[in-house]
There are 4 protein chains.
Amino acid sequence: MERKSGADLKRMIMDTTRKLLVKDGYGNLSMRKIAREINYSATSIYLHFKNKDALCHALIDEGMAMLLSQQNKIARANKGDVFQRLRALCEGYISFGLKYSEYYEIMFLIHPDFENRFPKASYRRARRNLDLFKMTLDEGIKNGQIDSLDTYATTNAVWASLHGAVSILLARRLDFRIDQNHFINNVLDQIVRSVAYKPTTSVL
Amino acid sequence: MERKSGADLKRMIMDTTRKLLVKDGYGNLSMRKIAREINYSATSIYLHFKNKDALCHALIDEGMAMLLSQQNKIARANKGDVFQRLRALCEGYISFGLKYSEYYEIMFLIHPDFENRFPKASYRRARRNLDLFKMTLDEGIKNGQIDSLDTYATTNAVWASLHGAVSILLARRLDFRIDQNHFINNVLDQIVRSVAYKPTTSVL
Amino acid sequence: MERKSGADLKRMIMDTTRKLLVKDGYGNLSMRKIAREINYSATSIYLHFKNKDALCHALIDEGMAMLLSQQNKIARANKGDVFQRLRALCEGYISFGLKYSEYYEIMFLIHPDFENRFPKASYRRARRNLDLFKMTLDEGIKNGQIDSLDTYATTNAVWASLHGAVSILLARRLDFRIDQNHFINNVLDQIVRSVAYKPTTSVL
Amino acid sequence: MERKSGADLKRMIMDTTRKLLVKDGYGNLSMRKIAREINYSATSIYLHFKNKDALCHALIDEGMAMLLSQQNKIARANKGDVFQRLRALCEGYISFGLKYSEYYEIMFLIHPDFENRFPKASYRRARRNLDLFKMTLDEGIKNGQIDSLDTYATTNAVWASLHGAVSILLARRLDFRIDQNHFINNVLDQIVRSVAYKPTTSVL
DNA sequence: GATGAATGAGGATTCATTCAT
DNA sequence: CATGAATGAATCCTCATTCAT
């Protein structure tokens with residue numbers, strides 16, 4: 001058995017865990033399975049992670065950081081137009097969910113009793129990600145481009161759309177007659193339309 | 001310990017299962033626990049349900065039927081106005097998710113590999129529920145009240161919003177600074193606004 | 001695999017546990033070992049005992065009951081003479097410890113953190129056993145045969161002697177040059193002499 | 001993290017082990033815990049002790065030496081009166097057991113199969129400690145102060161009392177209504193009375 | 001209908017220990 | 001002198017399921 005450097009094995013464990021997560025779901029994740037997959041003894045995992053929760057926590061942290069970094073980049077790259085930025089952020093969120101579904105499951109899809117075992121701090125970071133949406137909405141309100149009485153609540157409603165879309169896609173519950181990209185575009189359109197300022201009725 | 005007739009026991013099992021589901025989540029549901037709870041032997045459950053999957057399947061079926069029946073009633077009760085009906089259906093969906101979270105978890109929230117073990121038929125029935133939304137949208141288009149190029153896709157986008165909202169609430173991941181009802185109203189508003197016809201024609 | 005009646009297996013488990021207890025000590029007692037010994041799966045043990053603690057508890061209870069019943073018998077059989085009764089009770093205690101060393105270990109020798117997990121009630125019964133000693137001493141005081149300012153404390157001091165003797169013998173730490181029975185007799189003599197009334201000094 | 005010289009680390013390991021022993025008991029002692037506690041790797045312990053048994057052995061040896069040295073001092077300090085010396089030795093033994101309970105547990109309380117793994121020599125040294133009692137008794141016999149047909153056996157009976165008292169106290173099994181010091185005094189009284197010469201000759 | 005008896009597989013962890021560096 | 005990497009065996013316990021009664 002060739003010895004890896006500690007960091008390598010740690011990475012390997014995390015990568016494998018994500019792989020199993022997407023294949024079997026959190027409910028079927030087990031330390032033994034991870035060990036089997038990487039051809040190490042289960043005990044070895046405990047050299048790098050205090051326990052199963054800690055391992056998942058590390059994954060969540062990593063996912064949160066990735067998402068936040070990606071969304072920050074997107075926000076910076078779309079400074080000009082509010083709608084364009086909003087749409088890009090939304091698209092980014094969904095893309096992230098689909099591309100890193102392993103992270104997404106553990107970050108947003110698992111049952112609350114699991115969540116409760118984790119330091120709240122970790123989840124607070126999740127909210128920082130929503131702030132990017134909120135800031136965009138706030139800016140749009142100043143511009144008169146966006147219409148919302150409560151951008152806190154609106155941000156969360158937007159998130160609901162995005163989270164719902166990702167969930168449906170990951171659970172492969174989308175009606176098979178509908179093209180996935182077409183669906184995503186519809187979701188994005190819906191979000192943008194729902195926040196866009198509408199002159200109550202045209203003049204007279 | 002009074003013994004129930006066959007049908008009664010079956011009901012009892014299902015009711016208890018739902019109760020446990022809402023208390024502990026699917027991941028912690030076990031045949032033994034159910035048996036203990038109803039003061040029957042674990043074996044007895046197998047007299048009524050082939051196995052754990054079959055029991056859950058029955059629950060899903062029941063949940064689907066309940067949701068469909070509820071939404072049908074709502075649709076009939078709101079024949080008049082399209083927007084009112086749409087909003088009522090949306091509200092109904094969210095209410096159902098919150099009120100019957102046990103059903104909702106098993107119907108929509110558990111991991112796909114679980115779903116795969118079930119007859120697709122059961123899930124097809126889920127889509128019938130979406131048809132009510134689609135019919136409403138279609139009617140709105142005829143009226144000129146609603147704007148959608150593809151009501152299939154729009155229906156699913158609406159569903160994404162609703163499902164996302166329910167998921168966030170059930171997982172208790174809503175920002176604690178936001179009132180739950182306020183959030184729900186925002187989601188409903190957003191949905192309605194996103195499908196409402198907007199005369200592009202600004203002034204002049 | 002022939003099926004035993006529940007009670008039979010339960011007995012078998014308890015008997016085997018005692019056997020292992022005396023062989024390997026509580027620290028090395030494991031459910032697996034018990035199962036292996038009786039040629040049943042470990043799971044089967046859990047059909048009869050909620051967990052390891054419960055199994056040990058049952059053993060403790062049984063041991064306490066046995067000791068108490070034995071000592072009661074001895075007390076009744078030696079109603080006449082106080083010294084004779086005292087000596088018989090002491091002898092009985094030591095005999096019990098040696099004969100049922102498996103019980104004795106779990107009843108009196110294991111570490112307090114284990115004891116803490118058990119209902120205090122069970123240990124209160126242990127004290128009832130000491131009451132027989134105390135009643136004997138009290139009677140002797142009335143007779144003028146026994147000398148003690150505080151029979152509570154004296155009882156416990158007597159117990160210390162007995163418990164120490166049993167512990168030393170069970171741990172096989174008695175000096176090999178000394179015959180076991182000779183040692184026991186010395187302990188008994190010592191106890192009796194230590195409580196016997198002594199005229200402070202002869203007259204004159 | 002300051003590194004210690006070899007001898008220092010060895011001391012540190014032993015001290016920490018004793019600390020853990022008194023906190024969690026032998027059954028919960030683990031090399032890893034020791035290592036964690038001293039901020040060294042588990043492997044480091046093996047540089048100084050062949051294995052867990054050897055570590056415990058060293059502790060036992062140390063404890064035996066301490067006890068012997070203490071008792072020697074007591075004997076020397078009480079050369080004058082036999083009863084005073086006997087009582088002081090007894091008191092010393094009990095005090096040692098209570099004060100150095102970590103040592104006492106490992107020296108006298110753990111299961112024989114553990115003991116068997118140790119060189120008998122170590123335990124023989126334990127007996128040397130009993131010799132101090134025996135010598136005192138022998139001297140008392142010469143004086144006519146003490147009454148014993150076989151001081152070997154009597155010594156061991158005395159030890160039984162002491163060991164029993166310590167065991168009961170360490171296991172916190174003493175009836176809560178009895179004050180600890182009162183109990184100890186009773187045990188000491190009992191020992192002294194049981195060996196004191198009594199003129200059988202009652203009055204005339 | 002109902003159940004007691006039974007199990008194999010698997011769950012998370014912990015342990016003492018070895019070995020190459 | 002010290003350690004990081006690694007493991008096999010063990011720990012308790014839970015689970016879904018079967019089968020004879």
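Just so we're clear, the structure is a prediction, and the values are computed from it rather than from any experiment. Per chain, numbering begins at 1; letters A, B, ... match sequence-line order.
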What is the distance, to the nearest angstrom, from the CE atom on C/Met12 to the C1' atom on E/dA5? 14 Å

Look at the side-chain N and O atoms of B/His48 and state whether any lies under 4.0 Å from the OP1 or OP2 oxygen of E/dG1. no

Taking only side-chain N and O atoms of D/Ser44, does any of them lie within less than 4.0 angstrom of OP1 or OP2 on F/dA2? no

Check: C/Tyr40 and C/Ile45 side chains under 4.5 Å, non-hydrogen atoms: no

Counting heavy atoms from C-beta on, name the nucleotide in E/dT7, E/dG1, F/dT3 closest to the side chain of C/Ser41. E/dT7

I'd like to check the ring-ring contact (aromatic ring centres under 6.0 Å, His included) partners of C/Phe49; sequence neighbours left out, ordered by chain and number. none

Find the distance C/Leu47:CG to F/dT18:P and express it as a whole number of Å. 17 Å

Listing time: all N or O pairs from protein to nucleotides 15-17 of chain E that are below 3.5 Å?
unit_1, atom_1, unit_2, atom_2, d
E/dA16, OP1, D/Leu29, O, 3.3
E/dA16, OP1, D/Lys52, NZ, 3.0
E/dA16, OP2, D/Met31, N, 2.8
E/dT17, OP2, D/Tyr46, OH, 3.1
E/dT17, OP2, D/Lys52, N, 3.1

Dot-bracket for DNA chain E, please, read 5' to 3', with Watson-Crick or G-U wobble pairs under 3.5 Å on both distances, ( ) within the strand, [ ] crossing, | other strand, . unpaired. .||||||||||||||||||||

The side chain to side chain donor-acceptor pair (under 3.5 Å) partners of C/Tyr46 (sequence neighbours excluded) come to none

To the nearest Å, give me how far apart CD1 (A/Ile34) and C1' (E/dT13) are. 14 Å

Whole angstroms only, please: what is the NZ-P distance between D/Lys10 and F/dA2? 13 Å

Nearest whole Å is fine: how far is E/dA12 C1' from A/Ile45 CD1? 11 Å

Return the set of residues passing salt bridge (Lys or Arg N to Asp or Glu O under 4.0 Å) with A/Asp15 (not counting sequence neighbours), or none when no residue passes. A/Arg11, A/Arg18

In chain order, what residues pass the salt bridge (Lys or Arg N to Asp or Glu O under 4.0 Å) check against B/Lys19, with sequence neighbours excluded? B/Glu37

Whether A/Tyr40 contacts F/dA6 is assessed here as follows: a side-chain N or O lying under 4.0 Å from the phosphate OP1 or OP2. Is that the case? yes

By side-chain contact (heavy atoms from CB on, under 4.5 Å), C/Thr43 pairs with (sequence neighbours left out) C/Ser41

The complete set of side-chain hydrogen bond (donor to acceptor under 3.5 Å, both in side chains) pairs with one or both residues in residues 22-36 of chain B, sequence neighbours excluded, reads A/Asp113-B/Asn28

I'd like to know whether the aromatic ring centres of D/Phe108 and D/Tyr104 sit less than 6.0 Å apart in this structure. yes

By the salt bridge (Lys or Arg N to Asp or Glu O under 4.0 Å) test, which pairs, at least two apart or in different chains, include something from residues 43-60 of chain A? A/Asp53-A/Arg117

